[in-house]
Amino acid sequence: MAQFNYLNELNSLATIDGPLTRGPLQRWAKKTNNENHNPSFSASFKNMSNANISACNQSMQKLSISSNQSCNNSVLTSSKTPTRNDIKKGKKTPSKNKSPGRSTTPTPNKASKTPNKADRFIPSRSNSNYDLCHYMMSREEDKGEEVVAQKAAGEAIGRALTDTEPGRLLQYTCKAPAAPEGYQNRLRVVYSQAKVPSSVKNTTRYIPQAPDRILDAPDILDDYYLNLVDWSASNILAVALNNAVYLWNAATGQIEQLLSLEGSETVCSVSWVQGGGSHLAVGTSSATVELWDCERIKRLRVMDGHSGRVGSLAWNLHVVSSGARDGNIVHHDVRQRDHAVATLHAHTHEICGLKWSPDGRYLASGGNDNLLNIWPIAQGQHYTQTQYLYSFNQHLAAVKGIAWCPWSSGILASGGGTADRTIRIWNVNTGANLNTVDTKSQVCSILWSTHYKELISGHGYANNQLVIWKYPLMNRVAELTGHIARVLHLALSPDGVTVLSAGADETLRLWKCFMLDPSKKKEPTDSKAAKSLLNMNSLIR
């Protein structure tokens, strides 16, 4: 810091009236005396006390130039042109060093008429060895003081620890007030090592990402508006392939052909009777509904009432409801000769989704007119009234995926087609839309789990995957991929563990995505399987 002390001393000399009477001589003064007392410096020093500010500035210029000649640790900027001897010796003035961004204006010389423009003093710190020595000496002194202070502090802390009673050093003098009754700290599980409740220890389960089994389904129709798969309570899977229906026994693996339509007719829908019966309803492209006994491989009756193909079927005890391309819903009582007990003009376009609620109180229908209608049951009957209770128009595409919650009455899930791509949760008791989620792809089918508060959806364009959703927040639990074409149909096994997906890639894939933990018992459900009241002897042939 010697260079700053040097400038401060010069400034004090310029403002004090009398000569300096205290303090040792500066380093530059000592060196000047050793070099036979430079006359220019001596004269300026003697007259400085009586000179004005301008004369002092001229003395500072002289002092700068003389110091440059006598000191190796200082660099003086001057506008004096160097001689040839100086150039040979390698001495250059800083004003001749041209560097980018630095002003090239020359510094004023001795003959300058403006004495206030004095040269700057630029120290050369690389040669200031005395400063380094001063710093090292100061550092050693500071270190000594710090060591003494640390020793004193350590001794004080040791005495405090010996005088303190065993326990916590930092604590409140008074106990903190207790929390209000019933208050639960949400961060206790995160920031406490207390015992974690067993209910939050393991909230996830293993969901296989690969199918348990893959079956071939050649010639299955790639048609979004049809319903070609159904799984019975007797563990028999019915699959419609073009103009034929096949039965697959999931317990034994046996496959059997039930029927084959003649000509160009195709099977458009299949649906098992409730309660584990052996009767299967089959909707055809010729606008008829056929009733088959699968044990005897025999057709029992053919029921008409539509003018277009029957693409959706739903059972409510002994009444089977059929939805067709003509937009109508016909309720067939299979016990009576005149089977058509009611006809509903439900939609303006083809009906592609039809489901009865588990308690039999409501029928939900979805159509290609982007509508979802809720039909209440007629009093004292097993079919609906002719006037709908609600007609929801929030979907922007055909509504095919329809599923009732098996453990919460009145909760319905619906999914829209390619232009909509959303799943909506409804409460038909109030008519409220509880939740909506954008699936980013076409929704072809929806199923609820009977073991978990979850639902699974099958998708088409453009992801062709199955997605498991957590109810009621509708968060994604898992995604199951494998189909290379859209997943048209879903069916749930009787035990509620396995989901079957039928894709347009002509494969059937079985996913064990709702397996139960062996250590846990099956959770009770609100819905009870209704016993089949369909008696063979009561059928009118």
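Computed from heavy atoms alone, side chains included, the values below leave out hydrogens, waters and symmetry copies.
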For the residue pair [X] and [Y], establish whether any side-chain heavy-atom pair is separated by less than 4.5 Å.
| X | Y | answer |
| --- | --- | --- |
| R361 | S409 | yes |
| V487 | C444 | no |
| V334 | W315 | yes |
| L241 | P218 | yes |

> Any salt bridge (Lys or Arg N to Asp or Glu O under 4.0 Å) pairs touching residues 307-331, not counting sequence neighbours?
Replying inline: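 Found D223-R309, R309-E350, R325-E350.
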>> Test: salt bridge (Lys or Arg N to Asp or Glu O under 4.0 Å). Region: residues 470-482. Which pairs qualify, not counting sequence neighbours?
In response: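 Those involving residues 470-482 are R476-E479.
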Please tell me whether [X] and [Y] have a donor and an acceptor in their side chains that are separated by less than 3.5 angstrom.
| X | Y | answer |
| --- | --- | --- |
| D333 | H318 | yes |
| N328 | H345 | yes |
| T266 | N242 | no |
| T436 | R424 | yes |
| N235 | S493 | no |

>> Looking at every heavy atom in both P208 and L480, which two are closest together, and how far apart are they?
In response: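 Closest approach of P208 to L480, heavy atoms only: O-CD2, 3.5 Å.
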> If you look at every heavy atom in V267 and L228, which pair is closest and at what distance?
Replying inline: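 Scanning both residues completely, I find the closest heavy atoms to be O-CD2, 3.4 Å.
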Relative to the ring of [Y], is the ring of [X] parallel (under 30°), tilted (30 to 60°) or perpendicular (over 60°)?
| X | Y | answer |
| --- | --- | --- |
| W404 | Y362 | parallel |
| Y452 | F514 | tilted |
| H483 | W511 | tilted |

> Could you give the distance from CG (L490) to CG (D230), rounded to the nearest 0.5 Å?
Replying inline: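 It comes to 12.0 Å.
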> Counting distance only, does the side-chain N/O of S234 pair as donor-acceptor with the main-chain N or O of G276 below 3.5 Å?
Replying inline: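 Such a contact is found between S234 side chain and G276 backbone.
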> Just by modelled atom types, is the A346 backbone N or O under 3.5 Å from a matching donor or acceptor in the N373 side chain?
Replying inline: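 Present.
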>> Can you confirm if the aromatic rings of Y471 and W448 lie within a centre distance of less than 6.0 Å?
In response: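 Aromatic pair counts; centres sit under 6.0 Å.
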> Is the count of non-hydrogen atoms from other residues, nucleotides or ligands lying under 6.0 Å from D338 atom CG greater than 12?
Replying inline: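 At most 12 heavy atoms, drawn from other residues, nucleotides or ligands, come within 6.0 Å of this atom.
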> Taking it one step at a time, do L354 and N227 satisfy side-chain contact (heavy atoms from CB on, under 4.5 Å)?
Replying inline: CA-CA 10 Å; L354 198 64; N227 295 270; over 6 Å; no
